[in-house]
Amino acid sequence: ELGLAGRWQDRILPLHRAVRWEDWAVERRLPVRGEPPLAIKLPWDTVAVVIPGFLSQAEVYKLQQASLPGALDYEQPRRQ
């Protein structure tokens, strides 16, 4: 059991700055590198944790491309 008890949400929310989805949707501002993580309380008792600086946009794109079925590149070639 690794010493963990209870729900994941109950352990995460006290550790990070938490906001309700409705409140976050007004600004739609995500934390940037150097700021603490943000926990967004979503509908249906779910939570999204945003960890700033975890991956760059280019790294996320590479990860998406590598995880697609067959690692296909879906970019459209330029017309000549």
Side-chain angles (χ1 to χ4, degrees):
E1 193 175 295
L2 301 174
L4 301 175
R7 298 177 336 130
W8 178 80
Q9 293 93 330
D10 296 334
R11 292 190 306 269
I12 293 296
L13 291 175
L15 298 176
H16 303 294
R17 185 171 59 98
V19 296
R20 293 178 340 148
W21 167 260
E22 297 85 3
D23 298 332
W24 178 82
V26 173
E27 290 184 31
R28 293 184 180 253
R29 183 187 173 284
L30 296 174
V32 296
R33 187 179 299 269
E35 293 181 346
L38 173 66
I40 303 172
K41 294 187 255 182
L42 302 171
W44 301 289
D45 201 27
T46 57
V47 176
V49 178
V50 180
I51 302 173
F54 184 73
L55 291 173
S56 69
Q57 184 175 0
E59 290 169 326
V60 170
Y61 180 76
K62 285 179 187 176
L63 183 62
Q64 287 175 330
Q65 292 303 311
S67 64
L68 290 172
L72 299 175
D73 188 359
Y74 287 97
E75 287 187 16
Q76 295 294 321
R78 293 184 175 221
R79 296 179 188 224
Q80 299 192 13

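Just so it is clear, the structure is predicted and the values come from calculations on it, not from any experiment.
Both L13 and V49 belong to a common hydrophobic cluster when Ile, Leu, Val, Met, Phe, Trp and Tyr are linked at side-chain heavy-atom distances under 4.5 angstrom. In the hydrophobic cluster analysis, where Ile, Leu, Val, Met, Phe, Trp and Tyr join through side-chain heavy atoms closer than 4.5 angstrom, V47 is grouped apart from L38. Under a hydrophobic clustering in which Ile, Leu, Val, Met, Phe, Trp and Tyr are joined whenever their side-chain heavy atoms come within less than 4.5 Å, directly or via other members, I12 and L42 fall into different clusters. Under the 4.5 Å side-chain heavy-atom criterion for ILVMFWY residues, a single connected hydrophobic cluster contains both V50 and W24. Under a hydrophobic-cluster definition in which Ile, Leu, Val, Met, Phe, Trp and Tyr are linked whenever side-chain heavy atoms come within less than 4.5 Å, directly or via other members, I51 and L30 are assigned to different clusters.
Scanning all heavy atoms of the two residues, the minimum distance from T46 to Q9 falls at CA-NE2, 4.1 Å. The minimum heavy-atom distance between P31 and P36, with the atom names listed, is CB-O, 3.7 Å.
Under the 3.5 Å distance criterion, the side-chain polar atoms of E35 are left unmatched by any main-chain donor or acceptor of P52.
Side-chain contact between L15 and R11 is absent, with no heavy atoms from C-beta onward closer than 4.5 Å.
Surrounding CD of E22 are more than 12 heavy atoms belonging to other residues, nucleotides or ligands, all under 6.0 Å away.
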